[in-house]
J.: 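Pasting a structure here, questions to come.
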Amino acid sequence: MDLKSQVKLNDGHFIPVLGFGTFAPQEVPKSEALEATKFAIEVGFRHIDCACVYQNEEQVGQAIRSKIADGTVKREDIFYTSKLWCTFFQPDLVQPALEKSLKDLQLDYVDLYLIHFPVAMKPGEELLPKDENGKMMLDSVDLCRTWEALEKCKDAGLTKSIGVSNFNHKQLEKILNKPGLKYKPVCNQVECHPYLKQRKLLDFCKSHDIVLVAYSVLGSQRVKGWVNENHPVLLEDPVLCAIAKKNKQTPALVALRYQIQRGVVVLIKSFNKKRIKENIQVFDFELSPEDMKAIDGIDRNIRYNEILFAVGHPDYPFSEEY
């Protein structure tokens, strides 16, 4: 497998199976996203995953453009994903939100545009709108109408492909069964790692020709307020560590390789140059069927990103089994 290893999407476009994630907690300087993205492209990453709510699309766009300008890549070599944030779900806000991302990026189009999380928030200037008690202000929008607005963005050439993120199978079904559906979601980007292997959701997606894209593939960074910090650390799992030792690889690379071999596209986020370079080596080895089976066996159905502020909302996705 070479670095160009790609999967065909249901609309005919191709997505590289290894992607570079750019999310960083607020306290990380934005310049780090710029430098890390540049470096990731230099060592061979061609799939870059970002989002409006990460608030660093300007820097990530700058990194991509600088690597195009110096001849490292052409625009068509890069697969860039952005995401529609929850405050922009009302149909008339969708295209302006994508246009704002394109303006920040200074790119003509994105390769993939996703609905970031299926729970609408109160529209307005604030990305995380809170009331006077600090409680997140949620909204209700029919996601099928939001999807129709994404279809229009694809028709307008602002994005090549459209998909969703953090949707459960019922929410996917709702879109798939929508009267007058023009384009199916090409992917569903969800938390997925050996402790949350998402087998049922993966099977469901495969049966509808929807690619599963995995985030938090190494467990998760412990981002306060977003991640359950009491969960065990995935990369310290004895089974994973033993398989890593046997294959002379790191537990992180084994966790990545596991996903690629089960047909999942993986996003890996690191702003550390040594690790960015190391993550590319996921194509240099293969796990045996026994290794794969052993990793299958450590699933604990642990979700690090529970996104608790949305619990109780009718569109909260994680109340369903998958």
Side-chain angles (χ1 to χ4, degrees), residues 15-16 18-30 32-34 36-37 40 45 47-64 78-89 93-107 109-121 123-129 136 141 143 146-147 149-150 153-154 158-167 185-192 211-217 220-221 223 225-227 265-271 304-305 307 309-310 317:
I15 185 170
L18 182 67
F20 180 71
T22 57
F23 171 75
Q26 283 324 105
E27 61 273 12
V28 175
K30 300 216 185 298
E32 283 197 30
L34 171 66
T37 306
F45 277 93
H47 171 181
I48 312 290
D49 181 271
C50 196
C52 151
V53 79
Y54 301 169
Q55 296 181 56
N56 59 7
E57 284 198 301
E58 236 174 278
Q59 288 75 20
V60 172
Q62 202 182 328
I64 294 170
I78 295 289
F79 187 98
Y80 180 85
T81 301
S82 185
K83 308 182 192 86
L84 176 74
W85 185 238
C86 308
T87 50
F88 305 112
F89 283 2
L93 301 179
V94 173
Q95 189 168 322
L98 175 47
E99 284 167 348
K100 162 105 175 53
S101 280
L102 290 170
K103 190 173 168 232
D104 288 345
L105 292 157
Q106 291 183 40
L107 295 175
Y109 66 90
V110 299
D111 295 272
L112 178 59
Y113 200 49
L114 306 179
I115 295 179
H116 201 146
F117 186 75
V119 174
M121 293 179 182
E125 291 301 298
E126 291 295 317
L127 289 175
L128 297 170
M136 210 70 83
V141 177
L143 293 168
T146 307
W147 184 254
L150 259 78
C153 290
K154 178 172 159 75
L158 301 174
T159 179
K160 303 251 179 188
S161 301
I162 51 177
V164 298
S165 180
N166 297 301
F167 275 44
V186 296
C187 72
N188 186 16
Q189 186 184 121
V190 295
E191 177 178 344
C192 185
V211 171
L212 194 81
V213 179
Y215 69 79
S216 289
V217 286
S220 185
Q221 295 172 297
V223 184
W226 290 87
V227 169
V265 169
V266 282
L267 302 174
I268 180 70
K269 201 239 109 200
S270 174
F271 285 179
Y304 291 94
N305 303 272
I307 317 192
F309 64 77

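The analysis underlying the following values was restricted to heavy atoms, covering all of them including side chains, and did not include hydrogens, waters or symmetry mates.
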J.: Look up atom OH in Y304 and atom OH in Y215, then write down how far apart they are to the nearest 0.5 Å.
T.: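 Separation between the atoms: 13.0 Å.
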
J.: Answer yes or no: is there an ion pair linking D49 with K269, defined by an N-O contact shorter than 4.0 Å?
T.: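 Between K269 and D49 there is no salt bridge, as every charged N stays at least 4.0 Å from the carboxylate O atoms.
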
J.: Closest approach of H47 and L18, non-hydrogen atoms and distance?
T.: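 Shortest heavy-atom contact: CB-O, 3.4 Å.
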
J.: Any side-chain donor paired with an acceptor under 3.5 Å for S216 and N305?
T.: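 Short answer, yes.
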
J.: Which heavy-atom pair separates F271 from A36 by the least distance, and what is that distance?
T.: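 Heavy atoms only, the tightest pair is CD2-CB, 3.5 Å.
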
J.: With a 4.5 Å heavy-atom cut-off, do P317 and F167 have their side chains touching?
T.: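 Counting from C-beta outward, P317 and F167 never come under 4.5 Å.
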
J.: Name the orientation class of the two ring planes belonging to F23 and Y54 (parallel below 30°, tilted from 30 to 60°, perpendicular beyond 60°).
T.: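 Answer is perpendicular, since the angle exceeds 60°.
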
J.: Quick one: list whatever passes side-chain contact (heavy atoms from CB on, under 4.5 Å) with L158, sequence neighbours left out.
T.: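 If we apply the side-chain contact (heavy atoms from CB on, under 4.5 Å) test to L158, skipping adjacent residues, the hits are Q95, L98, E99, L102, A156.
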
J.: Determine whether a donor-acceptor pair (N or O, by modelled atom type, separation under 3.5 Å) exists between the side chain of D111 and the backbone of Y80.
T.: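 Indeed, once roles are kept as given, a pair shorter than 3.5 Å links the two residues.
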
J.: Going from NE2 on H116 to SG on C86, what distance comes out if it is rounded to the nearest 0.5 angstrom?
T.: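 One gets 7.0 Å once the value is rounded to the nearest 0.5 Å.
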
J.: Could you state the interatomic distance from CG (L84) to CZ (F117), rounded to the nearest 0.5 Å?
T.: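 Output value for this atom pair is 13.5 Å.
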
J.: As an exercise, state the distance from CD1 of I115 to OG of S165, rounded to the nearest 0.5 Å.
T.: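 The OG atom of S165 is 10.0 Å from CD1 of I115, to the nearest 0.5 Å.
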
J.: Flag the pair S101 / V110 as yes when at least one side-chain heavy-atom distance between them is below 4.5 Å, and no otherwise.
T.: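 No, every pair of side-chain atoms sits at 4.5 Å or beyond.
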
J.: Please determine whether side chain to side chain contact (heavy atoms under 4.5 Å, CB included) holds for the pair T81 and L114, giving the CA-CA distance in whole Å, both sets of side-chain angles, and the decisive distance to 0.1 Å.
T.: CA-CA 8 Å; T81 301; L114 306 179; 3.9 Å; yes

J.: Can you tell if the side chain of P16 reaches within under 4.5 Å of the side chain of V265, non-hydrogen atoms only?
T.: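 P16 vs V265: side chains apart.
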
J.: Hey, are the side chains of V94 and L150 touching, using non-hydrogen atoms and a 4.5 Å cut-off?
T.: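 Touching, per the 4.5 Å side-chain cut-off.
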
J.: May I ask you to test the L112-K160 pair for a side-chain heavy-atom distance under 4.5 Å?
T.: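 SC-SC contact between L112 and K160 ruled out.
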
J.: Where the side chain of K30 meets the backbone of N56, is there a donor-acceptor pair that is under 3.5 Å apart?
T.: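 Pair absent, no side-chain N/O of K30 close to backbone of N56.
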
J.: For a 4.5 angstrom cut-off between non-hydrogen side-chain atoms, does C52 reach L127?
T.: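 With C-beta onward as the side chain, the pair touches.
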
J.: Are side-chain heavy atoms of F88 and T146 found at a separation under 4.5 Å?
T.: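 Of all side-chain heavy-atom pairs linking T146 with F88, none is under 4.5 Å.
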
J.: Rounded at 0.5 Å granularity, tell me how far OG1 in T22 sits from CG in L34.
T.: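 Here the interatomic distance stands at 12.0 Å.
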
J.: Could you go through the side chain to side chain contact (heavy atoms under 4.5 Å, CB included) check for T37 and Q59 one step at a time?
T.: CA-CA 9 Å; T37 306; Q59 288 75 20; over 6 Å; no

J.: Is there a side-chain contact between F89 and P123, using heavy atoms and a 4.5 Å cut-off?
T.: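 Side chain of F89 against side chain of P123, heavy atoms only: no contact under 4.5 Å found.
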
J.: Between atom CZ of F20 and atom CG of L267, what is the distance when rounded to the nearest 0.5 Å?
T.: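 One gets 11.0 Å once the value is rounded to the nearest 0.5 Å.
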
J.: So, does K83 use its side chain to make a donor-acceptor pair with the main chain of C50 at under 3.5 Å?
T.: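 Flag set: sc K83 to bb C50 pair under 3.5 Å.
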
J.: Apply side chain to side chain contact (heavy atoms under 4.5 Å, CB included) to M121 and M136, showing your working.
T.: CA-CA 8 Å; M121 293 179 182; M136 210 70 83; 4.2 Å; yes

J.: Given 3.5 Å as the limit, does a donor-acceptor pair link the side chain of N166 with the main chain of P118, or not?
T.: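 Pair absent, no side-chain N/O of N166 close to backbone of P118.
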
J.: Going by distance alone, is a donor N or O of one side chain under 3.5 Å from an acceptor N or O of the other, for S82 and E57?
T.: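 Yes, a side-chain donor-acceptor pair sits under 3.5 Å.
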
